[in-house]
Number of protein chains: 2
Amino acid sequence: MSSSRKKLFPLVSADVALFSIERERLRVLLVQRANVPEQGRWALPGGVLKPDVDASLEDTARRILREKIRVEAPYLAQVATYGGPDRDPRGWSVSVLFYALLPLDQVPAIAGSKTEAVDWRDAARPGPALAFDHAQHVAAALAKLRDKVERHALPLHLLPPKFTLTQLQRTVEAILGREVEKSAFRRRLKGDATLEEVPGEFERGVQRPAQLYRASEGFVFEA
Amino acid sequence: MSSSRKKLFPLVSADVALFSIERERLRVLLVQRANVPEQGRWALPGGVLKPDVDASLEDTARRILREKIRVEAPYLAQVATYGGPDRDPRGWSVSVLFYALLPLDQVPAIAGSKTEAVDWRDAARPGPALAFDHAQHVAAALAKLRDKVERHALPLHLLPPKFTLTQLQRTVEAILGREVEKSAFRRRLKGDATLEEVPGEFERGVQRPAQLYRASEGFVFEA
DNA sequence: GCAATAGTGTCTATTAGACAATATGGG
DNA sequence: CCCATATTGTCTAATAGACACTATTGC
């Protein structure tokens, strides 16, 4: 059966680039593969589509995150789909790539049973020698995320429920890989219905208190 | 085998929304399905991935166009991938959607052997009751194309090798579904390296002759 | 000359970038 | 008061939209 499968049907799987912010840097989660092929190498969390349990490709991606990272995905977006005979030594394979956004503290440090270990890497330089074509995948996912944020979508899924405008700005900067102008940035936010003040709540420090904000009812991460 | 396939492996196929300009309108090509399922209904040209002959998903799409429409695809872009148990009565299916751009006169009027007939439909209203989820596919492909053109990519693949700025403007308007300002449009083109004059060549009519332009060396349809 | 469309210019409203000024709590 | 950062304001340059004007050919 295995050899006939190889000839007739491609292997379909989903991979997920899970992004998070760590110390004002954009990070992507890699897992060390527990099994062949590419055993021991670092890769995006991914897994084979199960027609009997998955109701959609996004479902597959959510299940992968649940099984390998033990996390419930909040926001998923499709990036692209890659296919070819040489991507995976097991034969013709199709991989549907997603990215996900999540605050760091919601991701458990311990990997799921199917994974050796997990590691957060700099999203712009996830390191050399990733498994399969996953270096390309990370680059594509980052480009897609950047594109959306360049178009003024607010990446609130990466932030805690309440946050200051400066935190939001630092997050945007981490994604874009460049600084943005404070005054112009805030000017834009003024007319943005996806953001609302939390009345009377402030972040305090050794300076003027900063107003806390939250996502408005029905917020979606769209440009 | 068929029932075990149904349970274990999804059916993977590629669908293509082929866009063209007809009388200054953006059109999409539909084919009437010759076989079950959905026999006789109108759908995007599509077909099953063949691991033994296709070297990539884009290759699959090109082969589909060759077989069903008898046309060599010039430009293909991936739109998205759809998957689920109910899209196709044959079971869990995955469909990778592309769009293609081509001048009308390069598409033969007669369909390939695997197709009953072909028809050009208004891209924004391809008609009711398309097969499968292809109405959604057309909408998604159009949105992707519009997005790119909104971002000032020039859809030169839809035009003949030599064209006037007015023809280009009409094409952009057909895609966007709205008029654009002539003066602002031309102002933008001035600084666009993807476009160059054809020295001394003009389109003549009952008015001032119009300079002909062509795509620059190495043009790619990107924003 | 006239019709018809090509091609250019001008004015204004809006927006983005740079930078400065003010505000406020903790110590 | 002073520090550090929040928050707001101002000036300017660049851009887009609206609209008008000029150019050139066929008839």
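Convention: sequence-line order gives letters A, B, ...; per-chain numbering from 1. Atoms considered below: every heavy atom in the structure, side chains included; atoms not considered: hydrogens, waters and symmetry mates.
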Decide yes or no on ring-ring contact (aromatic ring centres under 6.0 Å, His included) for H157(A) and F219(A), but give the supporting numbers first. CA-CA 10 Å; H157(A) 295 291; F219(A) 161 75; 5.3 Å; yes
Assess whether ring-ring contact (aromatic ring centres under 6.0 Å, His included) is satisfied between Y82(B) and H134(B), documenting all intermediate values. CA-CA 11 Å; Y82(B) 302 87; H134(B) 286 192; 9.5 Å; no
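With a 6.0 Å radius and a threshold of 12 heavy atoms from other residues, nucleotides or ligands, R151(A) has its CZ atom above the threshold.
With sequence neighbours excluded, no residue forms a salt bridge (Lys or Arg N to Asp or Glu O under 4.0 Å) with K144(A). Residues meeting the salt bridge (Lys or Arg N to Asp or Glu O under 4.0 Å) test with R41(B), sequence neighbours left out: E38(B). For K162(B), the salt bridge (Lys or Arg N to Asp or Glu O under 4.0 Å) test picks out E201(B), with sequence neighbours left out. In this view, R188(A) satisfies the salt bridge (Lys or Arg N to Asp or Glu O under 4.0 Å) rule with no residue, not counting sequence neighbours.
Distance, E179(A) CD to dG17(C) P: 13 Å, rounded to whole Å. Across the protein-nucleic acid pair, L189(A) atom CG and dT8(D) atom P stand 11 Å apart, rounded to whole Å. Atom CD of E203(B) is separated from atom P of dT24(D) by 19 Å (rounded to the nearest Å). Atoms CZ (F202(B)) and P (dA23(D)) sit 16 Å apart, rounded to a whole Å. The nearest whole Å value for the distance from the OH atom in Y213(A) to the P atom in dA6(D) is 12 Å. Whole-Å rounding puts the F185(A) CZ to dT8(D) P distance at 14 Å. Note: CG (L212(A)) to C1' (dA6(D)) measures 12 Å, nearest angstrom. Between E24(A) atom CD and dT5(D) atom P the separation is 11 Å, expressed in whole Å.
Applying the 3.5 Å distance criterion, the base of dG17(C) shares a donor-acceptor pair with the side chain of R187(A).
Within residues 146-167 of chain B, the residues that place at least one heavy atom under 4.0 Å from DNA chain C are, in residue-number order, T166(B).
Between D54(A) and T60(A), the side chains place a donor N or O and an acceptor N or O closer than 3.5 Å (distance only, hydrogens not considered).
Taking only side-chain atoms of K190(A), from C-beta outward, the nucleotide of dA6(D), dT8(D), dT10(D) with the closest atom is dT8(D).
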Nucleotide by nucleotide, nucleotides 19-27 of chain C touches protein heavy atoms under 4.0 Å in the pattern (B base, S sugar-phosphate only, - none) B---BBBS-
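Using a cut-off of 4.0 Å between Lys/Arg side-chain N and Asp/Glu carboxylate O, R170(B) and E173(B) are scored as salt-bridged.
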